[in-house]
Amino acid sequence: MTVATEIAAQVRTGRLRASDVVASALEIAEASHADLNAFTLIDPSGAMHRARAIDALVAGGIDPGPLAGVPLALKDIIDDAGMPNSRGGSFPRAPSAQSAEVVRRLGSAGGVIIGRTGLHEFAFGFTSENPWFGPVRNPWDPSMSPGGSSGGSGAAVAAGVVPIAIGTDTGGSVRVPAALCGVFGLKVTHGRIPLTGVFPLAGSLDTVGPLARSVDDLAVAYLAMAGDHYSDPWSQPRSVTRPSVVDADGLRLGIVRQWMTDPMSATVRSGFAQFVSLAEAVGVTFEDVDEPSLAPIPALTAAIGPEVIEVHGDRYRTHPERFGADVATRIEAAFAGTGLDVVVAERWGSAARATVARLTGSGIDALVCPTVGAPSKVIGVDTITVDGTEIPHRNVLARFTAPINRMRVPAIVGPIFGTPLPGISVQIVGEMWSEARLLAIARALEGHDVLQVREPPIYFGQTNG
């Protein structure tokens with residue numbers, strides 16, 4: 001069910017009042033807190049003010065936009081004028097003087113931000129087990145992590161609190177929560193959505209992206225945010241196109257051997273095999289892709305270090321006690337990153353990016369692999385057991401997502417129908433600027449029930465059934 005698009009259609013025609021929709025979402029957000037801890041801040045006053053303004057526009061015969069009255073949740077690392085931006089940290093925070101460009105665009109499209117979602121401290125991790133705000137909990141099992149760093153956004157969408165939430169993705173921070181929470185997530189081409197007003201982790205890799213329960217809802221949020229802006233030095237003046245309708249029958253997807261490696265649990269392997277089987281049944285063909293240039297290299301991990309130190313180095317040297325133990329350890333490691341690591345990683349990224357473009361230019365529509373190496377992580381446990389072996393959780397959760405950021409290409413992820421809940425997640429990767437194509441592919445697969453979002457035990461939204 002495309003909740004956001006249905007809400008907007010009814011608000012734009014006056015069949016629903018934005019103020020009623022938003023009031024209900026605010027009530028649900030408050031009610032969800034004890035179970036999920038998905039929000040760091042809920043904004044009833046501001047959200048209702050914006051909702052009433054949308055109702056006034058409709059009453060005056062003015063179209064508020066494609067997100068008219070849709071409740072949204074915003075990761076608490078993105079500036080929203082008048083709201084504090086905690087960045088998931090312990091440092092004092094004043095209200096933001098102005099909104100991030102993405103927030104202005106969402107508002108111009110009629111979206112209503114109801115609150116700010118929890119995250120891994122400074123977006124530097126994959127669990128959202130935050131030492132200052134407490135852990136965000138997964139609506140499929142509150143003892144499990146929702147992933148990170150955009151864990152609150154993933155949990156809020158999966159639980160039906162909001163139809164769309166906004167996250168950021170530097171190494172998988174939209175895609176990992178989408179995978180662990182069983183929803184769709186979009187990592188855009190670097191430079192596609194402006195980063196102005198988004199607190200950085202590594203600016204050359206950072207992206208903003210949506211999480212949603214349907215591909216159509218993912219698309220409407222993407223289209224509202226995408227496009228060049230002069231204020232962002234990473235932004236690129238590329239045209240933004242709407243996803244077309246494609247038929248699953250005839251799609252060609254490449255399975256990259258170098259992306260089907262350990263750590264990957266037997267559950268994930270069987271889930272991916274289920275994806276192939278379901279897709280083949282509706283006419284998709286798969287090609288084996290053997291491309292050594294796509295094999296990740298060790299320098300990819302170290303190369304983030306210099307950018308992290310640029311952002312956090314002085315603050316960490318002055319106030320190390322204000323960082324949680326997990327992030328402090330990662331910052332200490334970041335000091336060891338060198339310029340050579342960056343050069344090697346950038347060279348790899350350039351070659352891999354070109355390889356993807358050559359493959360898609362040869363007739364392959366997209367490349368596919370699992371999103372994460374295991375479907376869950378226990379809160380408070382630093383490792384994940386993969387078929388009897390204890391492995392550091394970051395190695396399992398980021399193995400298939402982080403290289404995509406260094407390549408700077410887009411990827412969409414979604415849960416595979418018929419696999420163990422919340423649904424083993426598949427990652428679909430395209431060449432740069434191919435978001436519209438990826439959305440069209442995912443929508444075709446969703447339409448044939450190859451990909452499908454289901455409702456978790458902790459669910460507050462309108463039922464699909």
Side-chain angles (χ1 to χ4, degrees), residues 37-38 40 75-78 85-91 116-138 144-155 165 167-181 185 187 198-203 205-209 211 263 300-305 307-309 311-313 315-316 320 322-337 371-374 376-384 391-406:
N37 192 35
T40 58
K75 186 176 182 178
D76 194 7
I77 201 166
I78 303 172
N85 186 348
S86 79
R87 306 158 187 171
S90 70
F91 288 83
R116 303 177 64 80
T117 53
L119 65 154
H120 205 102
E121 183 181 12
F122 289 114
F124 199 10
F126 292 95
T127 71
S128 302
E129 295 170 33
N130 192 294
W132 315 110
F133 293 89
V136 181
R137 299 188 178 275
N138 195 315
M144 297 293 173
S145 165
S149 62
S150 309
S153 293
T168 63
D169 192 312
T170 305
S173 289
V174 163
R175 290 162 291 159
V176 171
L180 269 57
C181 292
K187 182 264 179 213
V198 180
F199 189 78
L201 176 58
L205 307 177
D206 293 343
T207 59
V208 173
L211 299 94
L300 299 183
T301 299
I304 196 175
E307 288 191 83
V308 169
I309 297 309
V311 175
H312 292 291
R315 187 184 295 110
Y316 181 75
R322 303 211 70 159
F323 290 80
D326 169 61
V327 169
T329 298
R330 297 199 71 187
I331 291 176
E332 290 282 0
F335 279 107
T371 306
V372 292
S376 62
K377 181 211 172 286
V378 178
I379 291 173
V381 178
D382 197 46
T383 59
I384 295 176
I391 301 174
H393 73 271
R394 283 193 297 273
N395 295 356
V396 180
L397 298 181
R399 170 67 178 80
F400 307 105
T401 58
I404 305 304
N405 293 79
R406 184 60 64 176

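Every value quoted in this text rests on a predicted model; they were computed, and no experiment measured them.
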Looking only at atom types and distance, does a side-chain atom of [X] sit under 3.5 Å from a main-chain N or O of [Y], one as donor and one as acceptor?
X    : Y    : answer
N130 : G88  : yes
S90  : R322 : yes
R399 : G373 : no
T40  : G118 : no

Side chains of [X] and [Y], heavy atoms from C-beta outward: is any pair under 4.5 Å?
X    : Y    : answer
V372 : V396 : no
P146 : C181 : yes
V311 : L201 : no
T168 : D206 : no
E121 : F133 : no
I309 : F335 : yes

Grab the two heavy atoms, one from [X] and one from [Y], that are nearest each other, plus how far apart they are.
X    : Y    : result
A202 : E307 : C-OE1, 3.5 Å
S128 : H120 : N-ND1, 3.2 Å
T371 : R175 : CG2-O, 3.7 Å
S173 : G125 : OG-O, 4.2 Å
A374 : L397 : O-CD2, 4.1 Å
G171 : A398 : O-CB, 4.4 Å

Steps toward side-chain hydrogen bond (donor to acceptor under 3.5 Å, both in side chains) verdict (T207, K187)
CA-CA 7 Å; T207 59; K187 182 264 179 213; 5.0 Å; no
Can you tell me how far the [atom1] atom of [X] sits from the [atom2] atom of [Y], to the nearest 0.5 Å?
X    : Y    : atom1 : atom2 : value
S149 : I77  : OG    : CD1   : 6.5 Å
F124 : H312 : CZ    : NE2   : 7.5 Å
K75  : S150 : NZ    : OG    : 3.0 Å
D382 : H393 : CG    : NE2   : 5.5 Å
F122 : R330 : CZ    : CZ    : 14.0 Å
I404 : D169 : CD1   : CG    : 10.0 Å

Begin with the C-alpha distance, continue with both residues' side-chain angles, and end with the deciding distance and a verdict on side-chain hydrogen bond (donor to acceptor under 3.5 Å, both in side chains) for S145 and T127.
CA-CA 6 Å; S145 165; T127 71; 5.1 Å; no
All side-chain hydrogen bond (donor to acceptor under 3.5 Å, both in side chains) counterparts of R116, not counting sequence neighbours:
D76, N85
Using 4.0 Å as the upper bound for N to carboxylate O, is an ion pair formed by D326 and R394?
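D326 and R394: salt-bridged.
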Run the numbers on S86 and W132 for side-chain contact (heavy atoms from CB on, under 4.5 Å), then give the verdict.
CA-CA 10 Å; S86 79; W132 315 110; over 6 Å; no
Could you go step by step and tell me if M144 and V378 meet the side-chain contact (heavy atoms from CB on, under 4.5 Å) rule?
CA-CA 4 Å; M144 297 293 173; V378 178; 3.7 Å; yes
Can you say whether the rings of F323 and F91 are parallel (under 30°), tilted (30 to 60°) or perpendicular (over 60°)?
perpendicular
